[in-house]
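Step one of this worksheet: look at the structure below.
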Amino acid sequence: MQRETISKAVKGTWVLTIASLFSELLSAIYRIPLQNIVGDRGYFIYQQVYPIYGIFSVLALTGLPVVLSKSFAQQNDQAAKNKLLKISFVIMMAAAIGLIFVIWSSARYLAIFMGDPSLYHEIRTVSLAFILVPFEASLRGYFQSDLVMEPSAFSQVLEQLIRIIIIIGSAVLFGRGAINIYQMGALANSGAFIGGIFAVFILLFTFLKSENKFFIKTPEVNIELEHGLGMEIVLIILFTGITIFYQFIDSFSMLRLLMHNSMPLHQAEIMKGVFDRAQPLIQLGIVISLSFISTIMPQLKKTNQTDQNKPLIKRMVRVCLLLSIAETAGLVALMPDINMMLFTNTSGSVALAIYMCSIFLVSTINLLVAVTSGDSSKNLSKLVLFIASLVFKIVLNILLVPSMHITGSAIATVLSECVILFGIMFIYRSSLGFLVLSWDFVLKTAVAGLVMALMIRALEKFMLNFMELTRLSSVLINVILIPIGVVIFLFFAVEWKLLKKSEWEILPFGKHLVKLIKIED
């Protein structure tokens, strides 16, 4: 039974990871024609209200489904699960309607705070997507509680495909002069609502096909809810969407701070558009950790079951941290080439490279919050850390952005994330062994990432002695150096025995990899 659970958990993790990676890859790719057609200012217009969509995404795709999956998994029978599904849906629908009303009615004021009053149509358009949150979050959480990730995965991919088609279509219409730049932004952001409708259809169809007796009247049943569940929901939503809240601060502050030393509005909007290039890369980077969390959370059912599942949770945490360090190191090392390849120039590469450190920091934070989510005694401390980090981000933006521009904002974000990470590590300093954050593992993995990054950077400099950095040459450099970077990191991981055999097997094709490189316990 335990072996079946592990197999199902690993399979579910990678089903959701692959779907999420594909969705985020599409999200990164569509920004290339979008930015190329509408320019950095048009990209800014679209991206400025993106944090509102980001909150919808956290509620519908990650935060709420993750914590609901744990609550569904704690129920003793199907009737209790169905009752919890009904109750949670009604509560979320009431909250969604209230949120839409608040955003819609305050859209003009929000647009003014963002620095461009004409953005209010976009804000109102994005707000409509929140009506879909009760459907998406409740059904994804329901399926994920049984480690059934396919409905979440398929609906997520379809939702993203529809959304991207609408975004690219709006960019083409703008490029042909059929609509103005603000109409383009509003039409592009309507993709969140339209794509969400398709996702809801997939989830509902799958749910109605299952034999769950949802509509059959059953005797009164009791549902089991953990003490402190409300705070746990808040924390999971806040921390899985932490990058979105930093983006919010940038959306409301960066234009004014960039203009502090007499920078023209037009130039400030372009610079903010360059800074926003980082968002799809960061979202792509943290996909793996969010997928692991979606699998880990349903297994934190009760204390005794948490103890039973500790070995699996440990393995997943170690694998996830190792992958996030490798991703971060690779993106930092190749940022000028990635920037050129995706966006035709290297503007802001230093700021974007610094910003990439968020991948490791946010992935680690999310994992720590997830595996300690049941510890209600320290949840208030985590909330205080989150609020402190936002205040720290605001203060650092004020201090750094006027002089260092977007590089200052990138530094402010990374340092603010460090406040949370080191704070949580201090809170749980006596139990870091369970969290598998031994200094030996972290240090060796970080050194492996650093050595790989330096070697890749040196090879990139060597290649540029024989060619000019253009879009075509950047594609060639990335195609050659990314596999080399993987091999280098893999070499150190094997030589230093960063993962055990059972941990290597968690990776896709892990069993074949273990045989190929002859890893033994």
Side-chain angles (χ1 to χ4, degrees), residues 24 27-28 30-31 34-35 42-64 96 99-100 102-104 106-130 132-133 160 163 167 182 185-186 188-193 195-196 237-258 268-269 271-286 290 352 355 358 362 366 386-387 389-391 393-394 397 401 406 409-410 412-414 416-417:
E24 293 299 336
S27 182
Y30 85 75
R31 283 170 164 85
L34 176 64
Q35 187 265 352
Y43 188 64
F44 157 80
I45 296 297
Y46 164 76
Q47 191 73 24
Q48 188 71 342
V49 301
Y50 184 84
I52 299 177
Y53 166 75
I55 290 178
F56 161 76
S57 181
V58 167
L59 294 175
L61 292 175
T62 53
L64 278 176
L99 185 59
I100 292 171
V102 170
I103 296 175
W104 186 278
S106 61
R108 291 183 184 274
Y109 302 104
L110 289 173
I112 292 170
F113 288 141
M114 287 181 175
D116 191 338
S118 299
L119 292 172
Y120 80 94
H121 287 299
E122 280 189 76
I123 295 171
R124 286 183 170 178
T125 302
V126 175
S127 71
L128 297 176
F130 286 94
L132 303 175
V133 167
Q160 191 72 299
R163 177 171 164 261
I167 291 171
Y182 294 103
N189 280 290
S190 70
F193 176 69
I237 291 173
L238 291 179
F239 283 105
T240 54
I242 188 170
T243 58
I244 302 299
F245 292 98
Y246 292 137
Q247 288 176 46
F248 250 117
I249 292 171
D250 288 327
S251 290
F252 285 112
S253 67
M254 189 177 288
L255 280 186
R256 290 182 175 83
L257 292 171
L258 288 172
E269 288 178 338
M271 192 168 285
K272 175 63 165 56
V274 169
F275 184 72
D276 287 336
R277 295 176 184 182
Q279 304 311 326
L281 296 173
I282 289 175
Q283 290 303 121
L284 191 63
I286 64 175
L290 292 176
L352 300 182
Y355 207 171
S358 293
V362 171
N366 282 336
F386 179 84
I387 295 171
S389 79
L390 295 186
V391 173
K393 164 69 174 171
I394 293 169
N397 263 16
V401 172
I406 60 176
S409 182
T413 297
V414 169
S416 299
E417 290 160 353

message: Do P51 and Y246 make a side-chain contact, defined as non-hydrogen atoms from C-beta onward lying under 4.5 Å apart?
response: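 No, side chains not in contact.
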task: Measure the shortest side-chain to side-chain distance between I406 and M254 over non-hydrogen atoms and say whether it is less than 4.5 angstrom.
output: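 Yes, close enough: below the 4.5 Å cut-off.
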Donor-acceptor contacts, no H, no angles, side chain residues 107-115, under 3.5 Å, sequence neighbours left out:
unit_1, atom_1, unit_2, atom_2, d
R108, NH2, Y120, OH, 3.1

Please name all residues satisfying side-chain contact (heavy atoms from CB on, under 4.5 Å) with [X], sequence neighbours left out, ordered by chain then number.
| X | result |
| --- | --- |
| A60 | F56, V133, E136, R140 |
| I237 | V58, L59, L64, I233 |
| F245 | L238, F386, L390 |

Residues that [X] engages under side chain to side chain donor-acceptor pair (under 3.5 Å), provided they are two or more places apart:
| X | result |
| --- | --- |
| S358 | E417 |
| T243 | Q283 |
| D276 | K272 |
| S253 | N397 |

Distance in Å, [X] [atom1] paired with [Y] [atom2], rounded so as to fall on 0.5 Å steps:
| X | Y | atom1 | atom2 | value |
| --- | --- | --- | --- | --- |
| T125 | L119 | OG1 | CG | 11.0 Å |
| T413 | I242 | OG1 | CD1 | 9.5 Å |
| E122 | I45 | CD | CD1 | 6.5 Å |
| F239 | N366 | CZ | CG | 9.0 Å |

query: What residues, two or more places apart in sequence or in another chain, satisfy ring-ring contact (aromatic ring centres under 6.0 Å, His included) together with F275?
result: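 Partners of F275 by the ring-ring contact (aromatic ring centres under 6.0 Å, His included) criterion, ordered by chain and then number, come out as Y355.
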- prompt: Between F193 and V126, does a side-chain contact (heavy atoms from CB on, under 4.5 Å) hold up when you go through it step by step?
  reply: CA-CA 7 Å; F193 176 69; V126 175; over 6 Å; no
query: Judged by modelled atom types alone, do S409 and D250 share a side-chain donor-acceptor pair under 3.5 Å?
result: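 A donor-acceptor contact under 3.5 Å links the two side chains.
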query: Any side-chain donor paired with an acceptor under 3.5 Å for N189 and Y50?
result: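 No pair is found: no donor N or O on one side chain lies under 3.5 Å from an acceptor on the other.
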- request: Taking S251 for its side chain and Q48 for its backbone only, find out whether a donor-acceptor pair lies under 3.5 Å.
  value: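 Yes; at least one donor-acceptor contact below 3.5 Å.
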- request: Output yes when a side-chain donor or acceptor of R124 lies under 3.5 Å from a complementary backbone atom of W104, and no otherwise.
  value: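 Such a contact is found between R124 side chain and W104 backbone.
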query: If you look at every heavy atom in I100 and S127, which pair is closest and at what distance?
result: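 Heavy atoms of I100 and S127 come nearest at CG1-O, 3.3 Å.
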- prompt: Y53 and I244: side-chain contact (heavy atoms from CB on, under 4.5 Å), yes or no, with the steps?
  reply: CA-CA 9 Å; Y53 166 75; I244 302 299; over 6 Å; no
